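As structure tokens, the structure follows; a few thoughts come after it.
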Amino acid sequence: SYVDNAFDYYRFGDLITKEDNEFRLKLRAWLEKEIQPTINDYVERAEFPEEYIPKIRETQVFHYLVDQPFGKGKSILTQGIMAAELSRIDAGLGTFAIVQAGLLTATIDQLGSEAQRQKYVPLLRDLQLTGGWGLTENKFGSDATSLQTTVQKTEGGWLLNGDKTWIGNGNRDIMVVWARNVENNKIQGFIVDLKSKGVRSEVLKHKLALRIVQNCQITFTNVFIPEENMLSKATDFQKGTAKILLHSRLMVCWLAAGICQGVYDNVIKYISNRKQFGVPISSFQLQQEKLARIMSNTQAILLVSHRISQMYDNKKITLGQVALAKAFVTERAREVARLGREMLGGNGIIFDNYVMKAFADIEALYTYEGTYDINSLVGGRELTGVAAFKVPK
Ligand code: FAD
């Protein structure tokens, strides 16, 4: 007998209510039956699995990924644990979910007016509307606060000009765009209909991680945004954008936790069945040391994710605390994916054994929502009181 799943090892199911945990287990079984057998065909083709949308809608998992009252999400802890289940099957699916729920929906829910929340959040929660969230530009990645996409007041609304890149789900219905108000130089958020005149979106090709996620290069040429699409509580980077980044970086920790669980759960099964030199390869000391490292890292990641989620839910958390967690967790998960990959030998490079997907996908998690370096510097600024982003002149 062997420990067949990482989540139960330190009994993480005990951290959420019995009903929520029952939903999690149902979701896991559903994902293994309905999604796992076909997802890798989409991964191979780098295609978004459109056929899953109605099926996922039926499970109501997005109700758990969206805050009450529109969703059933009671805490970021519950939401994170559910997102990790998606990532345990495919981190692209997990990423689709956090772009849709943790970025787009959360922005409208937290920074929108009551009318915007009523209009959009139920549709987003039910995947009747899907979309993305755009901060990064061609010339401004890590240096996001210098972004140059602009909005200018016009009759009845705003005119948007500029570009965004890497936007996940940027070829779907709507997105939140962060742009500089030319009048006061502040960074503001807007809901943009991707079918508007002047929007041009192209899917980035040849991406080797998170293959099913459609990341887009988008240009805006005199795009008219009606006044009612301005996010009234998103009129300043620190109060608006940064608030959402704190939330979404925390969700990335849970996606990394899901990847690590996926690695452990696949590796333990494989090494217990595969025989070499007449015995299961799990009998070898060298394999066990690697497995112990995978499990220990996974538990550390789950524990850090749990603690910062509790602090978030208690409204006692800083940007630096989340940034350090995101940097640490994705860095440790990189080791987990690498070790898992090598433990499966040649079969470790086949998509279906999960570990190679994990190996590639963790690179994207390590980079998006602020790279490891940038999140370390955000944490470092808080620890020392000194910002070290720019080379001193
Ligand atoms: P750069 O900023 O050019 O950085 C390159 C290297 O320089 C990195 O190693 C970085 O750490 C280092 N570096 C930069 N500045 C410093 C510094 N001050 N000190 C030390 N080192 C530094 N963005 C969105 O807005 N929406 C999305 O949906 C989205 N999805 C994404 C999905 C994927 C798969 C990827 C890869 C990216 C996505 N992004 C998205 C963009 C992502 O947030 C950026 O890629 C990330 O912030 C890094 O920016 P960059 O790629 O321009 O790298």
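We number each residue from 1, following the sequence as shown. Counting convention: from 1, in listed order, for ligands and their atoms alike. This structure is a prediction, so every number in the text was calculated from the model and none was measured.
- Side-chain atoms of Leu160 and Val192, non-hydrogen and from C-beta on, do get closer than 4.5 Å to each other.
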Can you give the donor-acceptor pairs under 3.5 Å from side chains of residues 383-393 to other protein atoms, not counting sequence neighbours?
from: Thr384; atom 1: OG1; to: Gly380; atom 2: O; distance (Å): 2.8
from: Thr384; atom 1: OG1; to: Val386; atom 2: N; distance (Å): 3.0
from: Thr384; atom 1: OG1; to: Val386; atom 2: O; distance (Å): 3.3

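- A donor atom on one side chain and an acceptor atom on the other are found under 3.5 Å apart for Gln118 and Glu114.
- Regarding atom 32 (C) of ligand 1, its nearest protein heavy-atom neighbour is Asn215 ND2, 3.3 Å.
- Between the side chain of Glu369 and the backbone N or O of Thr367, no donor-acceptor pair lies under 3.5 Å.
- Of all protein heavy atoms, the one lying nearest to atom 26 (N) of ligand 1 is Trp133 O, 2.9 Å.
- Side-chain atoms of Asp173 come within 3.5 Å of backbone atoms of Thr130 as a donor-acceptor pair (strictly under, hydrogens ignored).
- The atoms of ligand 1 that sit less than 4.0 Å from any heavy atom of Glu369 are 43 (O).
- Considering backbone and side-chain N/O of Val99, none are found under 3.5 Å from N/O of ligand 1.
- The nearest protein atom to atom 48 (C) of ligand 1, hydrogens excluded, is given as Thr371 CG2, 3.8 Å; this is a heavy-atom distance.
- Checked against the 6.0 Å centroid threshold, Phe96 and Phe48 count as a close aromatic pair.
- A centroid separation of less than 6.0 Å is found between the aromatic rings of Trp158 and Phe190.
- Considering backbone and side-chain N/O of Asp373, one or more are found under 3.5 Å from N/O of ligand 1.
- Distance remark: protein heavy atom present below 4.0 angstrom from atom 11 (O) of ligand 1.
- Under a 3.5 Å cut-off, the side chain of Arg334 and the backbone N or O of Ile362 do not form any donor-acceptor pair.
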Determine, stepwise, if the pair Arg88 / Glu32 fulfils salt bridge (Lys or Arg N to Asp or Glu O under 4.0 Å). CA-CA 10 Å; Arg88 178 179 168 272; Glu32 286 177 353; 3.0 Å; yes
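- An N or O contact shorter than 3.5 Å links Trp166 to ligand 1 by distance.
- The protein non-hydrogen atom at the shortest distance from atom 16 (C) of ligand 1 is Ile374 CD1, 3.8 Å.
- Salt-bridge annotation for Arg293 and Glu335: present, with a side-chain N of the basic residue lying under 4.0 Å from a carboxylate O of the acidic one.
- In terms of N/O distances under 3.5 Å, ligand 1 is approached by Phe389.
- Ranking the protein heavy atoms by distance from atom 19 (N) of ligand 1 puts Leu377 CD1, 3.4 Å first.
- Relative orientation of the Phe284 and Phe277 rings is perpendicular, given thresholds of 30° and 60° on the angle between their planes.
- Close N/O approach between Thr136 and ligand 1 is found [any backbone or side-chain N/O within under 3.5 Å].
- In this structure, atom 34 (C) of ligand 1 lies nearest to the protein heavy atom Ala364 CB, 3.9 Å.
- Close contacts between ligand 1 and Thr367 involve ligand atoms 46 (C) [criterion: under 4.0 Å to a heavy atom].
- Side-chain atoms of Trp254 and Ser309 form a donor-acceptor pair, as typed in the model, at a separation below 3.5 Å.
- In terms of protein heavy-atom proximity, atom 53 (O) of ligand 1 is closest to Ser142 OG, 4.2 Å.
- Checking atom 6 (C) of ligand 1 against the protein gives no heavy-atom contact under 4.0 Å.
- Note: an N/O pair closer than 3.5 Å links Gly168 and ligand 1 by distance alone.
- Taking atom 52 (O) of ligand 1 as the reference point, the nearest protein heavy-atom neighbour is Gly141 CA, 3.2 Å.
- No part of Lys164 comes within 4.0 Å of ligand 1, judged by heavy-atom distances.
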